[in-house]
Amino acid sequence: MQKSNPIGVFDSGYGGLTVLKEIIQKLPRYDYIYLGDNARAPYGNRSFETVYRYTLECVKWFFSQGCPLVILACNTASAKALRTIQQNDLPKIDQEKRVLGVIRPTTEVIGTYSESKHVGILATAGTVSSGSYVLEIQKFYPDLKVYQQACPLWVPLVENNEYHNHGTDFFVKKYIQQLLEQDEAIDTILLACTHYPLLLEKIREYSPADMKILTQGDIVAESLEDYLRRHPEIEGRCSKRGSREFYTTDSTEDFDNHASIFFGQSVQSKHVNLAN
Ligand code: DGL
């Protein structure tokens, strides 16, 4: 049987499934393999060193599964680990492999959405403290004013299935208010965490009616399509049988119970044991 070379999609937990869903919708013929490092999630409050170490382990696992290309569908991993992996590790591991993140595709287009040129970023504490969004956006849109707000409780609320419950409203309202208090001219908010689309309804409810609220899945999917078009040497290595596989470092039962909420359809995952 022909060897499978799926595109790898990674997140600390379930959030990356919101990205995978959009990628599959746009690029259905490729094979995909998803890994959620649920046993060690959330990554959002962990140190650079730890997020880098965990992410690298997962990237190596994807390579062992034959992936020519891995998407870090996690802002925290993209902010804290991607650059080091691209610059230091890939040249040593395999120069033919590619690892991409979700920050660059989003920062490339964010300026086109804002009329006031004042944008807000809602993200995990780790992504905010990395300063990655501010730095990257300045490269593409030097005139854009960027404000950040960490939302440390949102990922745990989503992961614990509390995202539609009443108690969650308090924390949704709180972080949005804290962001908008920084500058009332903000007209565009980016949900810079792949878990946050599940809170979209509540986020809209507590934002001004004309606020533009951007989620990353469709933006990343479009950017991947463009990347594959521009890199036929990578595209040619990705197998295309439409297969989807799901792995978790924690309980497969829990994963399968939660995943459909993020992915929009039921999945059957397998367990993988990573080092440590
Ligand atoms: N979904 C991840 C992100 O986009 C965050 C989850 C976590 O904190 O582990 O940043």
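Along the sequence shown, the residues carry numbers beginning at 1. The model shown is predicted, which means the values in this text are computed figures rather than measured ones. As the structure lists them, so they are numbered: ligands from 1, and atoms in each ligand from 1.
- Checked by atom type and distance alone, the side chain of Ser114 never pairs as donor or acceptor with a backbone atom of Ile110 at under 3.5 Å.
- By the salt bridge (Lys or Arg N to Asp or Glu O under 4.0 Å) test, Lys174 pairs with no residue at all, sequence neighbours left out.
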Run through all N or O atoms in ligand 1 and write down each protein N or O closer than 3.5 Å, as a pair with its distance.
unit_1	atom_1	unit_2	atom_2	d
ligand 1	1 (N)	Asp11	OD1	3.1
ligand 1	1 (N)	Thr194	OG1	2.8
ligand 1	1 (N)	His195	ND1	2.8
ligand 1	4 (O)	Asn75	N	2.8
ligand 1	4 (O)	Asn75	ND2	3.1
ligand 1	4 (O)	Thr194	N	2.9
ligand 1	4 (O)	Thr194	OG1	3.3
ligand 1	8 (O)	Tyr43	N	3.4
ligand 1	8 (O)	Gly44	N	2.8
ligand 1	9 (O)	Ser12	OG	2.6
ligand 1	9 (O)	Tyr43	N	2.5
ligand 1	10 (O)	Asn75	N	3.3
ligand 1	10 (O)	Thr76	N	3.1
ligand 1	10 (O)	Thr76	OG1	2.8

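- Side-chain contact between Leu153 and Tyr175 is present, with heavy atoms from C-beta onward closer than 4.5 Å.
- Ser78 places a side-chain N or O within 3.5 Å of a backbone atom of Leu72 that can act as its donor or acceptor partner.
- Within the 3.5 Å criterion, the main-chain N or O of Ser239 finds no donor-acceptor partner in the side chain of Asn5.
- In this structure, Arg40 is positioned above the aromatic face of Tyr54, its NZ or CZ under 6.0 Å from the six-membered ring centre and within 45° of the axis.
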